[in-house]
Amino acid sequence: MKTVTSISILMQIAALALCLALPAAAQDSDIPSPPPRPDANAPAHDADADAIAAAVAGAAPVEAPVAAPAEPPPPPPTPASGTPEPPEPTGPQLGASTNLPVPRYVSLRSNEVNVRRGPASSQRVDWVFHRAGLPVQITGEYEHWRRIIDRDGEGGWVHYALLSGNRTVIVQAELLPVLAQPEANAPVIAQFENGVIADLDECRPDWCRIGAGGYRGWAMKSALWGVDPTEIRN
């Protein structure tokens, strides 16, 4: 009886221990396991490497959205084919500063006229004219400045105050006969040498009346520089 009783007691103790162990095991199974801790020595994520790998694999890489570039403005409309171009200006134009014809002839007022590279007193002086009364041609205007050339085509910019409206011409013949009348058989009054500067009076289609050194008469217009071939002066 003693043996049976001891065994019975032991069986009860074991059953009690089993009952206590089952709830604890159940509680342990309900607790989720913590996520694995990232390895501090693992290499950082490389987005460029992922993009290259995706491109190699044939998949499009994932990119952040980028704003689309603005479209350029449309080009200006082109004129229709066959539209005539505006004609180039021909003949004398009017100067922007004086409203006088350009080109036109004038003469130098002074024996010393600085010819500058541009229309300003700060511009470099390229050369100096030393002959008062020399005929020159105005080819441009800018405010108080005039662009001029001489009979050789040389020139530049001069201040308008250094120019005169008095008309002169320069002889371009070895010996130019100056006649009493605008006729080829008229008496010869004088002969002007090449380079002589003469005052310009009236002009007809082929002749001009000029004067220099106390002599005044008619000379062929074609032998003079400083007057237009078609210019008429009364």
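We use all heavy atoms of the structure for the numbers below, so side chains are in, but hydrogens, waters and symmetry mates are not. We count residues from 1, following the sequence as given.
- Partners of Asn111 according to the side-chain contact (heavy atoms from CB on, under 4.5 Å) rule, which considers only residues two or more places apart in sequence or in another chain, are Ala132.
- Under the 4.5 Å side-chain heavy-atom criterion for ILVMFWY residues, a single connected hydrophobic cluster contains both Ile197 and Val115.
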Discussion item. Ile149 vs Gln137, test: side chain to side chain contact (heavy atoms under 4.5 Å, CB included). Steps then yes/no.
Written reply: CA-CA 5 Å; Ile149 58 172; Gln137 187 181 51; 3.5 Å; yes
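- Nearest heavy atoms, Tyr142 versus Ser97: C-OG, 3.8 Å.
- The backbone N or O of Gly226 sits less than 3.5 Å from a side-chain atom of Arg167, completing a donor-acceptor pair.
- Taking SG from Cys208 and CG from Leu224, the interatomic distance works out to 6.0 Å, rounded to the nearest 0.5 Å.
- Listed by first and then second residue, the salt bridge (Lys or Arg N to Asp or Glu O under 4.0 Å) pairs involving residues 129-152 are Arg104-Glu141 (not counting sequence neighbours).
- Note that CG of Asn114 is 6.0 Å distant from CD of Glu112, once rounded to the nearest 0.5 Å.
- When every heavy atom of Pro101 is checked against every heavy atom of Leu94, the shortest pair comes out as N-CD2, 4.1 Å.
- Salt bridge present: Arg216 and Asp201 bring a charged side-chain N and a carboxylate O closer than 4.0 Å.
- Leu108 is not listed as a side-chain neighbour of Ser164, based on a closest heavy-atom distance of 4.5 Å or more.
- Side-chain contact between Glu231 and Cys203 is absent, with no heavy-atom pair separated by less than 4.5 Å.
- With values rounded to the nearest 0.5 angstrom, Tyr105 atom OH is found 5.0 Å from Trp225 atom CH2.
- Proximity of Ile210 to Val169: side-chain heavy atoms (C-beta onward) are separated by under 4.5 Å at one or more points.
- Within the 4.5 Å cutoff, side-chain heavy atoms of Asn234 are placed close to those of Ile232.
- Applying the salt bridge (charged side-chain N to carboxylate O under 4.0 Å, His left out) rule to Arg117 yields the partners Asp126; only residues at least two apart in sequence or on another chain are considered.
- Closest heavy-atom contact between Val102 and Gly140: CG1-N, 3.9 Å.
- Met220 and Phe192 fall into different hydrophobic clusters, where Ile, Leu, Val, Met, Phe, Trp and Tyr are joined by side-chain heavy atoms under 4.5 Å apart, directly or via other members.
- Within the model, atoms CD1 of Ile138 and CG of Leu100 stand 8.0 Å from one another, a figure rounded to the nearest 0.5 Å.
- Sorted by first and then second residue, the salt bridge (Lys or Arg N to Asp or Glu O under 4.0 Å) pairs with a member in residues 154-164 form an empty list; sequence neighbours excluded.
- Hydrophobic clustering of Ile, Leu, Val, Met, Phe, Trp and Tyr side chains at less than 4.5 Å, counting indirect connections, unites Val158 with Trp127.
- By the rule that hydrophobic residues join a cluster once side-chain heavy atoms approach within less than 4.5 Å of another member, Val227 and Trp207 end up as members of separate clusters.
- A distance of 11.0 Å separates CG in Asp199 from CZ in Arg209, rounded to the nearest 0.5 Å.
- Side-chain atoms of Leu200 and Arg233, non-hydrogen and from C-beta on, do get closer than 4.5 Å to each other.
- Listed by chain and residue number, His159 satisfy the ring-ring contact (aromatic ring centres under 6.0 Å, His included) test with Trp145 (two or more places apart in sequence, or in another chain).
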What donor-acceptor contacts under 3.5 angstrom involve side-chain atoms of residues 171-183, with partners at least two apart or in another chain?
none

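- Screening Leu162, Asn166, Leu163 against Val106 for a side-chain contact (heavy atoms from CB on, under 4.5 Å) leaves a single residue, Leu163.
- Distance OH/Tyr160 to CZ/Arg109: 9.5 Å, rounded to 0.5 Å.
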